[in-house]
Each structure stands twice: as C-alpha cells, then as structure tokens.
Amino acid sequence: MPIMPDISTHGWWLDWSLLIISMVTLLVGILSFALIILALIYFRQSKNPTPTRHLSGWITRLIILDISMIIFDIIIAVFSTWGWAETILKSEESLEAKHGEALTVNVTGRQFFWAFDYAGGDKAFGTADDFTLGNDLVVEKDRLVVLNMTSGDTIHSFFVPHLRVKYDVIPGRTTRVWFVPKKAGEYPVLCTELCGLGHYKMLSNVRVLEPDDFDSWLDSRTVTLSENPGPLRSGGPGQSQTVHVSDSKDGSLGARADRNVGVTPRSQ
Amino acid sequence: MAHAQAHSLEHVEPTNIGPPKLGMWLFLSGEVVLFGGVIMTIVLFRISFPGWKEASEHTNPIIGSVNTFNLLTSSMLVALAHKMSATGNHGLSKLCILGCLAFGILFLVLKWAIEWPVEIMKGYTIHEGPFWQLYYAATGLHAVHVLIGLIAFTVILILYMGKWRPNFTLEATALYWHFVDIVWLFLWPLFYLS
Amino acid sequence: MAAHAAAVHHAEMGWIRTYIFSTDHKMIAKQYLLNGLFFALFGGIIALVFRSHLAMPEQELLNPARYNAYVTMHGTLMIFWVAMPILLGFFGNLTIPLMIGARDMAFPLLNMMSYWTFFISSVVIMASFFVPGGPFSGGWTAYAPLSANTELTGVNWGINLWAVGLALEFTAVLMGGINFIVTPFVLRARGMSLMRLPIVVWMVVIASLLFMMSVGPLIAGTFMLLFDKNVGTHFYLVSADKVGDPLLWQHLFWFFGHPEVYVILIPGLGVISEIFPAAARKPLHGYKHIIFWTIFAGILSFMVWAHHMFIAGLNPLAAVGFSITTIIISVPFLVIVVAMGLTLWGGSLRFNAAFLYAFFAYVIFIVGGLTGLQLGATVADIQLHETYFVVAHFHYVIFASVILSTFAAVQWWFPKMFGRLMNEGVAKVHAISTFFLFNIVFTPMFILGFAGYTRRYASYDHIPLLQGYAWLNDFVSIAGVLLILVQFLFVFNFFYSMIAGKRATANPWEATTMEWSAPSPPPHLNWGDTIPVVERDPYEYAPEVPSNGADYEPQGRLMTMR
Ligand code: HEM
Ligand SMILES: [Cu+2]
Ligand SMILES: [Cu+2]
C-alpha cells in the first residue's frame, strides 16, 4: 500500500483494519466484475438469441449472497470498532496506566499555523515556565503524548500521516488525540479541514527526539525562559509570521544545557 | 384552460384523495421537517448552554399566553368557516374568516409591535446569547408563517365577497393555519414557560 | 373532442407559452435538462481550470483564494445545479406523465413555477462569480465558522448569494417534488396499479420524498448561517463570551446531506433498471425487491449522517453507532445491484449506446458503493477522511448516478423529446472513452488518498512528503482534461441529432412501457384523442405466449375515445 510508514504504537490498528477491509472489498469487487464480464460474454445477443425469462434457483443464490455480504459487513464492523476502541475511545487513565505518564501539549490551530503550548518543567499549565512553539511539536520517543486541541478561529484538522493521527480542531471545544512515537525523526503535520486561503500552507512538523535529547531540549527551554516571549494563545488570524519568533528550532537542540544543572529534570 | 380539460378527461382517479389535498399535505410535511430542525436546534442549545433558564425568565409569559389563545381561537374560527362554507352558509363563513383574521392580526401586533420592542428596549437583543437569538429566529420564522397565512386569508376573503366560492382553497389554507398553530404550541412552552 | 380542442388550443398558445413559460411537462423537462447540462459543462470547465492550476502552480492560473472558490463552486454546482435539475427535474418531468399514462403533471402551473424558480436560483449562483470578493470559497459543505464569518475567507457577497441561491434552488425542487409525488398517486391511467409503475417513477417518487423529509433542517440552518454572518448572532460562531456550536451546522448539513446523496443516486439507478430489461430482453429481475429495499435504504439514510463527522469532534461512541448503520446500508444496495445484474443474466443483450451508458454506470456505481463501505468503517476513516480517497469515492458514485445515467436517459428518451434518434456510433465512442478516461482519472485518487493527499489543497508542490506521488497527481490532471474534452462529443451529438438526427418511430427500442405507445415526440397532452389503458406489468419482455409475434408485450394500449 502506498500508505506512509507507521511510527506509532496504535497505527497498527488502522493499518490492519484498513488492509483487511480493503482486501475484502477488493475481493468482492473482483468477484462481481468477473460475474458481470461473464454475463456480457455469454449473454450477448449473437451468442444467446433467446433470453431465459425465469432464472431458476436465484433466490437461494441471493440468500447466499446476502449472507456473505452480512458476514463481510460484520468483519468490517468488528475490525473498525475494535480499532476504534483501541485508539480514539481509549481514556487517558488507561493510556497512562499502560504507557506511563503522558506529555501533555495544548494545541491551538489558527489561520494558518499551529501553536503548541508546553507546561514546561513543572508540568503544570498556567505557570511562569510555560512556553509555546510555533509550527513545531517536539515530543519524546516512546513516551505517551496527549494533545488537547482547540482552535482560535475556524475548524482545522490535525493530521500526522506517519503517526496515524487525524482529528478536527474546533473553536469553543477541546478535542483530544494521543500517540506514542516509536521512531525518532521529523514528520510533517497537515491540516485536513478547509480553513481558508492558506489552508494548503498550514504545515507544521512533529520532531520525535530520543529521550536524552528531549530532556536536554526541555531543560534548555527552561533555562532560556527569560528570552521566551511566552504563551502565544492571544494571537489573531494573520499572525502566522510573528509566530516564528518563538520558534527555537535551531537554538534549542544546540544549546545542550547540562541535564543535572537543569531546573527540573524529568522525573523517572 | 388546457390542462383543466385534460384532467377532466382522465377516466379513473385511482386514489380517493384529490391531488391538491395530497399536495398540501406534502407541503406541510416539508414544513414539519423545517420546524423540526428549528426545534431540534432549540433543544440542543437548551441542553448544552447554561443560562438558558435565566434568560427565559425575561420573556413575557402573559403576551406569550395571550397569543396562544389568539392562535387557538383563530384556528377554531377557520375550522368553523370551512364548515359553514361547505354547508352553504356563506355569510357566517365570511364572518368567521374575518374573526380569524382579526385574531391573527392581534397575534402579530402583540408580537411585533409590543413584545419585541419591549424586549429590545430592555436590552435583550438578538446579540444577547443563545436564548435570545433562537427566540428571535424561531418566533420570527413562525410569525412570518402567520403573516403568510393572514395574506392568504385576506385574499380569500376579498374573492369570497364576490361570486367566487372557496372550497378546497379554504380547506388547504385552514390546514396550513392549524399547522402554524401547532408549531406555536411547541414554541410557547420552549420560550415562555420554562 | 375535448382533447383535440385542447391540442389546437395549445398550438395557438404562441411561442412564449410553448417554449418559455410552458406548462407542458415535456418542455419543462427539456428546460431542466438544458439548464443542468449547461452547468455540467460549466462545472467541468471550472474543474479543468483548478486541476490545471494544481498541475502547474507556478503559472498562477489562480490564486489560492480563487482555487478554493472554484473547488467550492464545482461541488456546489454539480450537486445542486446539475444533479438535482437533471435527476429530478428532467427524469421526473419527462418520464412520470408519459409512463403512467397521464396528460400532464398534477399541477402544471406549479411545475412551470418550479422551473423558473430554479432558473432564478441559477442566475443568483452565477452572479456570485461577478461580485466583489468572488464566489464562496468555504467548500460545498460550507462548514461554519468558515462560512459564517467574512473575515475568515474574505468573501462576503459570495456567501450571501450562495446561501440565497441554495434556498431558492431548494424551493424549486420542493415545488417540483410535490408534483412528482402527487402525480403518480392520482393521475395514473386505468389499470396502472402502484405495483405496475415503471421503476424510474418509483425512484423519482422516493427521491422526492427523501428530499422533502430532509431539507427542512438545512433551510433553517441556512437562515441561521445568514443571521450569523450578517446580523452577528452566534448560532455557529464562537467568541470570547458568546458561544455557538460549530458542529450544529455539520449536523444540519449532513442530516440533509446523506439523504441528498441518495436523492441524486436513486433516480439514476431507476434509469439503469429501466434500460437493462429492454437491452437484455427479459423482465426486470426482482421489481418489488428493488422498490422495497430502496425504501428501506431511504429510511436508513436518515440515520447515517454522522459518518461524515467521525473525527469532527462528535462523541466517539456515537461514531460507532453511525458506523454500524452505515455498514448496514450495504445490504439493501447489494440486493438492488444483484437484481440489476440478474436482469442481465440469461438475457440476450443488445449493445446499443443507451445500454452501454447504463452498463458503465452500473459498474462504476459498484466501485463507489464498495469504497463507501471502507469509509464507513470508523477506524479506516481516520486515515482516509478528507483525502482524495473520499473524492474518488463520491465521484465514482455520482458520476455513475448523475452523469452516465443522464447520458443513458438522454440517449434513450431522445425520441420522446425531439422525435429523432441520437447517433449511435458517436454515442458509443463517447460512452467507451468516457468510461475509460473516468477510471483513469479517478482510480489514482484512491491511491493518492492512501498516500495522504489531503483534499482542497491549492498546491502540493511545497510538501516534500507527497512528492513521491506528484507524477500521479499530474497524470490525473492530464487525463481529466481529456475526460472533459470527450464530453464535447456528447454536446455535438446532442445538438446535431436534435436538428438532423434520424427520425424516430414511436418505439425505436422495442420497449414496453407506456411512453413508447405515444408518438415520437408526443403532442401536447401526450395522448391526442386516445386514452392509455394499462394491461400488464411494465417489463414484459420474452413473454411466454407472445401475442403479436414480437418478443415483448407493451404495457398497455391506446383506446380511442368514444
Ligand atoms: C453505498 C453506500 C455508501 C456509503 C457506505 C457511503 C459512505 C460514505 C462515507 C462514510 C463518507 C464520508 C467520508 C469522509 O468524509 O471521510 C462519504 C462521503 C461522501 N459520499 Fe458516500 N457513501 C455511499 C454512497 C454514496 C452515494 C450514493 C453518493 C452520491 C450519489 C455518495 C456521495 C458522497 C459524497 C458527495 C461524499 C463526500 C462529502 C464531502 O464533500 O465531504 N455516497 N460516503
Ligand atoms: Cu486548514
Ligand atoms: Cu453520507
């Protein structure tokens, strides 16, 4: 399949459901087209000049078809609901029980950028060490990430193909997605809900860092707090330019502050 | 008219219900869905927004209830008018239509000339949150329906004064009028009595 | 004779009453058809423009705002100004009175008003191309708040005209719908019981009922949208102290939207099932089953709307319920599709052009239905939602039910419209090339969808992730140009045959239903001095005891009036 490689733990559910459902669909499709083509060949006028008015035994065949369709439906329903239960329906508690403490990031979609609010070292929002990244979500490999998303203007949709995450971001509501990245690297974020003329340019990226790199990155954020312009939630439409000011993409990784000197090392 | 003749040519009318009546019922079922959508929205907002109850205490239940009475009476009069005209009692029928018109106009006057201006003067404009915007939109839509009904009755009455005799027209308009009445019976508790 | 007098009267009615403000159902059908075909061509060309822009964004054929506007108008026009007028206005008007043996619709005047309201709505929507700010650009689904706040798109009048145009169009279809439902119930010829109605009549009735039952909330919703945008209410808009609900619009829209997609599917299926028996020379298989299961699917279609909103912030548990209802809908469609297939099975197929069109529609519809099932599976939809996969899905369904079955219907009923036949050769070339080009354009979109190509992007060139498939996307654009170009074959065939086509006999296809016993074209009031009387079921091909040496028995005959 031309689908992007999966770097999440739950993506398995999507991919396999998609694969199984697609295969069954393809099978049904191929079977029906085979029958249709047979009909075209055997029942053209020159080959079959006198039509058969009554087909015999079609009721049983229809019932068989119906039953197989229902089985096919049940397969689809079971797989999709199972997958849904393992991904979207998971509660935060059960996730934390399984994957350990979550990194919570508040996401705000705006025309046409993404702002990611971190709680900073103290893991509490609304404190002085909160900071905001624009169009750059930094997460730690193998650690549960929970995104609480909302929008500052219109509906956007947060799509990370590699992470098998897609969910709408709605003004006045908070929606939640989660993932556990398995592989370090940089992955694109796309907006998948038409949100205005810059919709197609509303790109961002997720940087998955190795735990050590992540810790030092977080520390460096905390250390450089005084230079941080602070949370960016107040921006309005059209501020996509200014957001890059707080984007510390190059600075943070390089400034490897010593972990032990950092204000709040990650609790183990 | 060409098509009038055409229809008289048909030998059979397989269904007992006449075309216009069926058409009217269909139209009304469309209207039911329209107001169904509105009422669904009201219920949704009511559930999801706190402050609905406080806001609804500022509507005028007296005018609301008087208007309920107006519409009910008017509806009853129009049913009578239909009955009278069917039995050939045209004078009474016209009188009933006139009465129905009067109560309908009273409804609109109370709503548009007194109730709304008073609310707006008190500061409850359409911008004052979910309750008020729905209040204006829903009762406004309903009032427009009342207005359309009144225009129809006026036309009928004017024609009726001459040689023309309503039979189906009156029945269809009466159906519509009952419908408008029923919609109000939903809006009234939603906005005035909670 | 009264009917004769009426016909003479008609001849005297003059040009305007005959061709412009006509109450004749056949003329209104033609008006709807031409209006619809105009927008089909126009919408197609718009698509061509924005696909060209995608293929070469550096040329700046469109700016991003215009790109969005064109995508929006393409969808809007194709659904509301092509599918609706043709599938209901054209099919319904042309077939219902002729097939049930009536002289006209139950309310001819209402019928005329319906068309002219539709015409006004067409003018309104076209006007939106010329107002400052251009046409609406928030997608044909018009999700609020994007559609409810001018600041977000920079479009002001475009939105107003879009909403007003839509409301007018709904009014027109409602007026037509009343006719389509009432006429078959009250004006059937003697002997035409409900279970003898040709299938396409049933389908138009069911479609009109679905439309009527679903459109109300959206009309209310559209007014709320206009309020939000122009008066400053907060039904959908959210601001610091006043909260509306952006999801409300989606609920109202899709509560209408899913029944609506059936409205523009079912009459198309009706046309296919009308042509299949005549082409296979055997009765329609499972007539009653088709009707029953279509009604069942229609009722179910009111319970699936949130499958468009699985990940739109809906309660995730509700999504499971909607997913299951969506999956259940495959059962009625399986029965319908199988019934159609069994109609061909054992037949003696005549490959005329109308059959080719209908057959291709059938094949394409199956793909559309199956992929719909994939989208209905909640978890699969996470990856596929709002990607090109969805685009491919609905084009497969809609192209079959709207475009191809319209071609089939025009080819089939051309004699009843213009008294001539369309050219078979040109039509066959057109059918085959359209079928292949269609698949070439839209099959890659399934792959693009899997690959993560999101819909409604004005350019993909700046996204490194998607570059692997850029060639495929370009390929789609080029094939798309060809697909539009071959449609001119049809345009040519249509107008050429209208003027210079072969003259048609009353029943060129040796078909059974009542319209084929009227002359081609039928006069005003259809039956002249005669009265149609129906004697048997609609599709009596290959009768056991042929009464007249032919391989079919007409559904009824014309009795001369005493
Ligand atoms: C046979 C059963 C069908 C099923 C199970 C089905 C299912 C779906 C689903 C689940 C979606 C949402 C996809 C998404 O946005 O993620 C969808 C979209 C759509 N479907 Fe179908 N569908 C079916 C038939 C049809 C038919 C008959 C039509 C039209 C004639 C149609 C037209 C559409 C359209 C226009 C959309 C896209 C709406 C948009 O712009 O977002 N579908 N379908
Ligand atoms: Cu966007
Ligand atoms: Cu749907």
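Every chain is numbered from 1, with letters handed out A, B, ... down the list of sequences.
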Taking the side chain as everything from C-beta on, heavy atoms only, tell me whether [X] gets closer than 4.5 Å to [Y].
X	Y	answer
Ile382(C)	Trp84(A)	yes
Ile328(C)	Asp73(A)	no
Asn149(C)	Thr154(A)	no
Arg53(A)	Glu540(C)	yes
Leu18(A)	Leu384(C)	yes
Ile155(A)	Pro145(C)	yes
Lys166(A)	Thr387(C)	yes
Leu146(C)	Gln111(A)	yes

So what's closer than 4.5 Å to chain A heavy atoms on [X]: side chain, backbone, both or neither?
X	value
Leu375(C)	neither
Ala148(C)	neither
Val338(C)	side chain
Ala144(C)	backbone
Val379(C)	both
Leu247(C)	side chain
Phe310(C)	both
Arg66(C)	neither
Pro283(C)	side chain
Tyr67(C)	neither
Ser137(C)	backbone

Whether the side chain of [X] engages the backbone of [Y] through a donor-acceptor N/O pair (distance < 3.5 Å, no angle test) should be reported.
X	Y	result
Trp345(C)	Leu35(A)	no
Tyr143(C)	Cys195(A)	no
Asn68(C)	Gly196(A)	yes

Region of [X] in contact with chain C, defined by heavy-atom distances below 4.5 Å:
X	value
Leu62(A)	side chain
Thr175(A)	side chain
Thr87(A)	side chain

* Listed by chain and number, what are the salt bridge (Lys or Arg N to Asp or Glu O under 4.0 Å) partners of Asp245(C), not counting sequence neighbours? ->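 Testing Asp245(C) for salt bridge (Lys or Arg N to Asp or Glu O under 4.0 Å), a comparison that skips the adjacent residues, returns Arg173(A).
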* Are Phe159(A) and His385(C) close enough that their ring centres sit under 6.0 Å apart? ->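 For Phe159(A) and His385(C), the ring centres are not under 6.0 Å apart.
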Looking at [atom1] of [X] and [atom2] of [Y], how far apart are the two atoms once the value is rounded to the nearest 0.5 Å?
X	Y	atom1	atom2	result
Ile311(C)	Ser157(A)	CD1	OG	5.0 Å
Asp15(A)	Phe450(C)	CG	CZ	10.0 Å
Leu54(C)	Tyr200(A)	CG	OH	10.5 Å
Asp168(A)	Glu386(C)	CG	CD	7.5 Å
Lys47(A)	Ser348(C)	NZ	OG	12.5 Å
Leu237(C)	Asp153(A)	CG	CG	11.5 Å

Do you know which of [options] has the most heavy-atom pairs with chain A at a distance under 4.5 angstrom?
options	answer
Ile327(C), Leu342(C), Ile324(C)	Ile327(C)
Gly341(C), Gly244(C), Ala451(C)	Ala451(C)
Asp551(C), Thr153(C), Thr454(C)	Thr454(C)

* **Derivation and outcome, side chain to side chain contact (heavy atoms under 4.5 Å, CB included), residues Leu40(A) and Phe351(C)** => CA-CA 10 Å; Leu40(A) 281 197; Phe351(C) 284 87; 3.8 Å; yes
Name the option with the most non-hydrogen atom pairs under 4.5 Å to chain C; the candidates are [options].
options	value
Ile88(A), Leu89(A), Leu38(A), Ile74(A)	Leu89(A)
Val24(A), Asp66(A), Leu26(A)	Asp66(A)
Gly198(A), Gly172(A), Gly29(A), Pro171(A)	Pro171(A)

* Quick one: closest heavy-atom pair of Thr81(A) and Thr378(C), and the distance? =>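 That would be N-OG1, 4.2 Å.
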